[in-house]
Student: 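Take this structure, written in structure tokens, and hold onto it; I'll ask about it next.
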Protein chains: 2
Amino acid sequence: MTLKAQFDHTNCGECPIRHRAVCAHCERDELEELEGIKYYRSFEAGQTIIWSGDPMNFVGSVVSGIASLTQTMEDGRTQMVGLLLPSDFVGRPGREIAPYDVVATTDLVMCCFRKKPFEEMMVTTPHIAQRLLQMTLDELDAAREWMLVLGRKTAREKIASLLSIIARRDASIHQSGMAGPIVFDLPLTREAMADYLGLTLETVSRQISALKKDQVITLEGKRHVTIPDMGRLMEEAGDDTDGGFLV
Amino acid sequence: MTLKAQFDHTNCGECPIRHRAVCAHCERDELEELEGIKYYRSFEAGQTIIWSGDPMNFVGSVVSGIASLTQTMEDGRTQMVGLLLPSDFVGRPGREIAPYDVVATTDLVMCCFRKKPFEEMMVTTPHIAQRLLQMTLDELDAAREWMLVLGRKTAREKIASLLSIIARRDASIHQSGMAGPIVFDLPLTREAMADYLGLTLETVSRQISALKKDQVITLEGKRHVTIPDMGRLMEEAGDDTDGGFLV
DNA sequence: AGGGTACTTTGACCGAAATCAAATGGAAAC
DNA sequence: GTTTCCATTTGATTTCGGTCAAAGTACCCT
């Protein structure tokens with residue numbers, strides 16, 4: 001996941017690269033240059049943006065909506081390996097071929113740069129590489145945190161971990177602290193949750209029902225979730241209650 | 001894992017950062033500067049180099065031996081989240097606290113830089129950041145590949161995947177192609193393999209016995225492995241035979 | 001050589017999650 | 001309004017890997 005790589009977009013537009021270029025160290029020309037080569041693309045829910053093995057000729061970041069990175073085995077088993085939220089970066093400079101599918105989980109808008117000029121920019125503008133390094137290190141931490149979830153947690157803990165990540169992301173946007181109940185809409189189907197957690201969709205459904213029965217969460221409809229006690233949820237996830245979990 | 005981030009060390013010493021600084025783009029002063037602040041540390045097998053939560057005041061790379069990155073839950077469940085081989089980088093600029101344990105799996109020598117001067121170098125020497133970005137992106141790919149292993153593969157496939165990674169690393173060092181049998185010593189105990197694969201050590205042992213019985217591998221002693229047919233092993237791992245697997 | 005220790009193998013049994021199957025619910029389409 | 005389609009829930013059964021327990025093996029150390 002990439003959730004730590006988030007920015008305040010309120011005053012600098014929607015692109016994390018540009019944001020940092022404006023606000024931190026860079027001169028105006030660099031901004032202009034990036035401005036000149038950026039463009040927007042929209043995708044519908046379910047649409048595959050990039051197929052594994054295809055050439056990748058752009059990089060970019062999510063403006064709105066959710067995308068997922070997915071790996072698929074020949075026999076159809078699939079594992080989601082990343083969840084891309086607004087401001088998260090997609091693509092990698094110096095790599096021609098996409099190593100996994102990128103799929104729009106919801107309707108999606110991306111801000112893109114053609115790869116070639118972006119790579120040239122990276123050489124001439126050190127801060128872009130440094131910024132990208134920070135973001136990539138955050139993603140690496142998140143991926144490793146998720147390896148613990150996949151490798152060692154029970155189905156119930158996995159569900160609680162996922163809910164806690166989504167809740168936290170929402171909490172950081174909507175509320176200041178994490179006291180009081182947290183309310184959000186699940187942006188994923190049961191199947192997508194299963195693909196993320198390395199479970200079947202039936203197990204996901206059963207564990208959500210169990211958490212509901214045990215009053216760890218409340219559901220209105222299938223997607224609208226209330227977390228009355230975030231600390232309780234994190235206990236269920238097997239995490240330290242004190243916020244050690246990297247989102 | 002970090003196996004893709006490997007270098008040819010034959011003519012430039014043992015440190016990947018320095019290697020690139022010398023051979024690719026940089027001036028002599030930069031090399032001198034890095035030379036001046038580097039130092040070596042040795043560790044015995046089993047020794048914990050860095051504890052999760054501790055302050056990290058250095059970065060470095062593995063010179064010889066194997067280290068592992070490990071996460072542990074309060075109840076003792078542990079998951080290895082990375083395997084560090086010679087030339088792999090440890091630590092992250094811009095991060096004070098270690099997010100996981102770093103443990104010497106075998107006797108180990110590391111080449112270290114104090115973090116502060118290294119970070120200063122990163123600002124003044126763009127190529128270091130760019131090099132580090134490439135390495136980190138490779139590690140991220142490897143971590144995501146491993147998420148598929150942890151989330152969706154069977155115990156047998158997991159073992160085959162691990163053997164195939166180790167075999168391939170060794171093959172790349174000892175032989176040019178991957179035709180003919182591959183021979184190597186397992187650098188991990190059954191328990192360490194289990195921690196890497198999200199299994200118990202008993203299951204690891206049983207699956208190794210099964211692969212032996214089915215003649216996918218041959219064992220002499222507990223650790224010395226022969227792979228008569230690498231393609232067969234990769235089929236068992238559930239990977240494309242054509243080398244799609246990121247090491 | 002003997003004895004200790006740590007690593008590994010093997011067996012018996014159990015349980016959590018997968019699989020197979022059917023029912024329910026909810027929203028869009030007719 | 002009701003039909004259709006999908007997402008979801010729930011149930012019955014199976015299976016893979018975990019757990020508990022007991023040997024077996026190799027290496028080290030006097």
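Every heavy atom of this structure was used, including side-chain atoms; hydrogens, water molecules and symmetry mates were not. Each chain gets a letter, A, B and so on, in the order the sequences are listed, and its residues count up from 1.
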Student: Are Asp239(A) and Lys153(A) within salt-bridge range, i.e. N to O under 4.0 Å?
Tutor: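 Salt bridge between Asp239(A) and Lys153(A), a charged N being under 4.0 Å from a carboxylate O: yes.
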Student: What residues from residues 206-216 of chain B pass a heavy-atom cutoff of under 4.0 Å to DNA chain C?
Tutor: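 Contacting residues: Arg206(B), Ser209(B).
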Student: Under 4.0 Å, heavy atoms only, any strand: does Ser205(B) hit a base, just the sugar-phosphate, or nothing?
Tutor: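 Base, at least one base atom sits under 4.0 Å.
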Student: Without decimals, in angstroms, what is the distance between Glu220(B) CD and dT8(C) C1'?
Tutor: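 The answer, rounded to whole Å, is 17 Å.
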Student: Could you tell me from which nucleotide to which nucleotide of DNA chain D, 5' to 3', there is an atom under 4.0 Å from chain A heavy atoms?
Tutor: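 Both ends considered, the range comes out as dT8(D) to dA12(D).
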Student: Answer yes if the side chains of Asp101(B) and Thr48(B) hold a donor-acceptor pair under 3.5 Å, and no otherwise.
Tutor: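 No, because no side-chain N or O of Asp101(B) sits under 3.5 Å from a partner of the opposite role on Thr48(B).
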Student: Regarding Arg156(A), tell me which of base, sugar-phosphate or nothing describes its non-hydrogen contacts under 4.0 Å with the strands shown.
Tutor: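 Touches nothing.
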Student: Please give the angle, rounded to 10 degrees, between the axes at the start and the end of the helix from dA1(C)-dT30(D) to dC30(C)-dG1(D), where five pairs define each axis.
Tutor: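 Roughly 30° between the end axes, to the nearest 10°.
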Student: Just call it for Gly198(B): base, sugar-phosphate, or nothing, with non-hydrogen atoms closer than 4.0 Å on any strand.
Tutor: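 Sugar-phosphate: the residue Gly198(B), judged by heavy atoms under 4.0 Å, touches backbone atoms but no base.
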Student: Closest approach to the side chain of Thr200(A), judged atom by atom: which nucleotide of dC20(C), dT9(C), dA18(C) is it?
Tutor: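 For the Thr200(A) side chain, the nearest candidate turns out to be dA18(C).
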Student: Could you pull out all residues at least two apart from Arg190(B) that satisfy salt bridge (charged side-chain N to carboxylate O under 4.0 Å, His left out)?
Tutor: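 Salt bridge (charged side-chain N to carboxylate O under 4.0 Å, His left out) list for Arg190(B), sorted by chain: empty.
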Student: Establish, from distance only, whether the side-chain atoms of Ser68(B) and Thr105(B) form a donor-acceptor pair under 3.5 Å.
Tutor: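 Note: Ser68(B) and Thr105(B) side chains meet the donor-acceptor criterion.
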Student: Test of understanding: with side-chain contact (heavy atoms from CB on, under 4.5 Å), list the residues that count as partners of Gln215(A), not counting sequence neighbours.
Tutor: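 Applying side-chain contact (heavy atoms from CB on, under 4.5 Å) to Gln215(A) gives none.
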Student: Taking Trp146(B) as the fixed residue, which of Ile165(B), Leu83(B), Asp141(B), Val81(B) is the one that meets the side-chain contact (heavy atoms from CB on, under 4.5 Å) rule?
Tutor: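 Checked Ile165(B), Leu83(B), Asp141(B), Val81(B) against Trp146(B); only one passes side-chain contact (heavy atoms from CB on, under 4.5 Å): Ile165(B).
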Student: Check this for me: Gln47(B), atom CD, are more than 12 non-hydrogen atoms of other residues, nucleotides or ligands nearer than 6.0 Å?
Tutor: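 Yes.
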Student: Residues two or more places apart in sequence or in another chain: which of them pass salt bridge (charged side-chain N to carboxylate O under 4.0 Å, His left out) with Arg206(B)?
Tutor: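 Partners of Arg206(B) under the salt bridge (charged side-chain N to carboxylate O under 4.0 Å, His left out) test: none.
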